[in-house]
Amino acid sequence: MRLSVIGCGYLGAVHAAAMASLGHEVIGIDVDPAKIAALADGHAPFFEPGLDELLRTQLDRGALRFSTKIADAVGATVHFVAVGTPQSADGHAADLKFVDAAIEALLPILAPGDLVVGKSTVPVGTAARLAARIDEHGSGASLAWNPEFLREGYAVQDTVAPDRFVYGVQRGDSGIEDGPVDLLDQVYATPLSTGTPRIVTDFATAELVKVAANAFLATKISFINAMAEIAETVGADVTELADAIGHDARIGRRFLNAGVGFGGGCLPKDIRAFAARAEELGRGDSVAFLRQVDEINLRRRQRVVDRALQAFDGSVVGRRITVLGVTFKPESDDVRDSPALDVAVQLKGLGAEVIATDPHGIEPARLRHPQLAYVASTTDALAGAELVVLVTEWREYRDLDPSAAAQLVASPSIIDGRNVLDPVAWRASGWRFWGMGRP
Ligand code: NAD
């Protein structure tokens, strides 16, 4: 099939390359010429494991092209919309200006039978509004909403072999529209053939599935972080608590790691946008807990900063602090709303001499926070540190040898903001060690 993908960021670039690998002919469109030039040259403009190889293979096969011109999407039957939906500048609601602009740009090139497929995360009600706009234009094209659940760091695998598909389609008096479902089934024929579950539903449910999933995950993380706060007060160990409750299959151990909290380009803005939309709908009470989920999450960043202050008896002024990690999670270079970067910036603001390091996030972090000092090698970053703060759990940091690291630093003190190090081994090597919600 001939497909277009409008918006080639973390979601769209992967989607375009992955769809080409499934046998389709794909054109990726983005308004950012630098991004398109890099993609057309076979280089992802961000770090995502496996993406560069996939891009080059599909470009070489001639199955994948990139362009800044929407006119190059003419001839595609299915047009995926994967543009950003950031938090608005003046509140918690999602800013839909990119989605609206993408739909307006597509309208003149749509042909009868074409399908526009929204993949961006949007407030419930958006798809119905956009479907009306497409109908009003009279091209004979239709709309489906097909939310994306990929995880950065595993995006390629998650796109070619997701754990489920959700199709939101127009529900009329005669039931669900068949045409969009048939087209999406053709697009995803390969993963569907392996038995991947597919839920066909209406627009509103599909939109809600995405934000409900993220709200649930965020709540699970903030739940264990709330337990960490209590554990800190009574001298209990939240990691042992998580292990113990995680054995209950109804609870499960995943997403129960206490630490510095969640961040990134999705969870924080998605729970805020969900709460804002619920307010607009007169249902603010139903998801009022999301405000607490957000607050608990943000308190964990503060907790790490407070611990650092405590390590120096109340002032970090002039202290050399090494921050391990700036991305919001490992295997990604994404620093959007990153707890790690936030901690580094706060410590710098309090007068510390902060040295930040990260395997892939230094350049994106430097663009946002040029005031921080960045060092590429972990060994160089550790040299002379009076305090080490681990805030992104890259494998390299998890595997640090406490004895070797102790030789590099000026003073062996560490805050494990992700609870990934063994306190016994680190203390045995002479380190002052603080975890999150651990004695
Ligand atoms: P992103 O900022 O990395 O990418 C968005 C891209 O859209 C940018 O490259 C931008 O230049 C482009 N763009 C903006 N307006 C455009 C237009 N009119 N025409 C063409 N291109 C345009 O964002 P992202 O992380 O890829 O997220 C995109 C959407 O997917 C968001 O709604 C997000 O919530 C959702 N999502 C993201 C992930 C993820 O892990 N990143 C996962 C699931 C869902």
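Counting convention: from 1, in listed order, for ligands and their atoms alike.
- Side-chain contact, Q170 with S142: no donor N or O sits under 3.5 Å from an acceptor N or O.
- The atoms of ligand 1 that sit less than 4.0 Å from any heavy atom of G84 are 5 (C), 7 (O), 28 (C).
- From the protein, the heavy atom lying nearest to atom 3 (O) of ligand 1 is Y10 N, 3.1 Å.
- Tested against Y167 for a side-chain contact (heavy atoms from CB on, under 4.5 Å), the candidates I199, V117, N146 yield a single pass: N146.
- Geometrically, ligand 1 and D32 share no nitrogen or oxygen pair separated by less than 3.5 Å.
- Across G125 and R277, no two heavy atoms sit closer than the pair CA-NH2, 4.3 Å.
- Ligand 1 lies less than 4.0 angstrom from a heavy atom belonging to K210.
- Note: an N/O pair closer than 3.5 Å links R336 and ligand 1 by distance alone.
- Of all atoms in ligand 1, numbered sequentially from 1 with element shown, those under 4.0 Å from a heavy atom of K35 are 8 (C), 9 (O).
- Of all atoms in ligand 1, listed by their number and element, those nearer than 4.0 Å to a heavy atom of I6 are 19 (N), 20 (C).
- Screening residues 364-380 for salt bridge (charged side-chain N to carboxylate O under 4.0 Å, His left out) gives E363-R366 as the qualifying pairs, with residues at least two apart or on separate chains.
- Checked options I355, L390, V375; the residue passing with T322 is I355 (criterion: side-chain contact (heavy atoms from CB on, under 4.5 Å)).
- Each of the atoms 7 (O), 12 (C), 20 (C), 21 (N) of ligand 1 lies under 4.0 Å from some heavy atom of G7.
- Shortest contact from atom 34 (O) of ligand 1 to any protein heavy atom: K269 NZ, 2.6 Å.
- Heavy atoms of A105 come nearer than 4.0 angstrom to ligand 1 in no pair at all.
- Residue T121 has at least one N or O atom closer than 3.5 Å to an N or O atom of ligand 1.
- Considering backbone and side-chain N/O of E148, none are found under 3.5 Å from N/O of ligand 1.
- Scanning the protein heavy atoms around atom 6 (C) of ligand 1, the nearest turns out to be D30 OD2, 3.6 Å.
- With hydrogens and angles left out, the side-chain atoms of D333 and Y10 include a donor and acceptor closer than 3.5 Å.
- Nearest heavy atom pair, residue D163 against residue P197, reads O-CD, 3.3 Å.
- Among residues at least two apart or in separate chains, salt bridge (charged side-chain N to carboxylate O under 4.0 Å, His left out) pairs with a member in residues 251-269 are D243-R253.
- Protein heavy atom closest to atom 17 (C) of ligand 1, with residue, atom name and distance, is V31 CG1, 3.6 Å.
- Looking at atom 15 (N) of ligand 1, its nearest protein heavy atom turns out to be F98 CD2, 3.5 Å.
- Classification of the H15-F80 ring pair by plane angle, with boundaries at 30° and 60°, yields perpendicular.
- Checking R272 against Q87 by side-chain atom types alone, a donor-acceptor pair falls below 3.5 Å.
- Neither the backbone nor the side chain of D334 has any atom closer than 4.0 Å to an atom of ligand 1 (non-hydrogen atoms only).
- When only non-hydrogen protein atoms are considered, atom 38 (C) of ligand 1 lies nearest to C266 SG, 3.4 Å.
- For ligand 1, the atoms closer than 4.0 angstrom to any heavy atom of E152 are 39 (C), 40 (O), 41 (N).
- Of all protein heavy atoms, the one lying nearest to atom 42 (C) of ligand 1 is L150 O, 3.7 Å.
- Smallest separation of non-hydrogen atoms from A405 and L382: CB-CD1, 4.3 Å.
- Checking only distances, D270 never comes within under 3.5 Å of ligand 1, N or O to N or O.
- The distance from ligand 1 to the heavy atoms of A82 drops below 4.0 Å at these ligand atoms: 28 (C).
- The nearest non-hydrogen atom to atom 22 (C) of ligand 1, considering only T159, V83, V99, V211, comes from V83.
- Of all the atoms in ligand 1, the ones that sit under 4.0 Å from a non-hydrogen atom of T85 are 31 (C), 32 (O), 34 (O).
- By the criterion of a heavy-atom distance under 4.0 Å, neither the backbone nor the side chain of A155 is placed next to ligand 1.
- Judged by distance alone, the side chains of R61 and Q58 do bring a donor and an acceptor atom under 3.5 Å apart.
- Considering only heavy atoms from C-beta on, N297 comes within 4.5 Å of R301 through its side chain.
- No N or O atom of R151 sits closer than 3.5 Å to an N or O atom of ligand 1.
- The shortest N or O to N or O distance between L11 and ligand 1 is below 3.5 Å.
- Pairing each heavy atom of F47 with each of E331, the nearest pair is CE2-C, 3.7 Å.
- When the options A73, P147, G9 are ranked by their closest heavy atom to atom 4 (O) of ligand 1, first place goes to G9.
- Of all the heavy atoms in V124 and E207, the pair that sits closest is CA-OE1, 3.3 Å.
- When all heavy atoms are compared, the tightest approach of A376 to I362 is CA-CD1, 3.7 Å.
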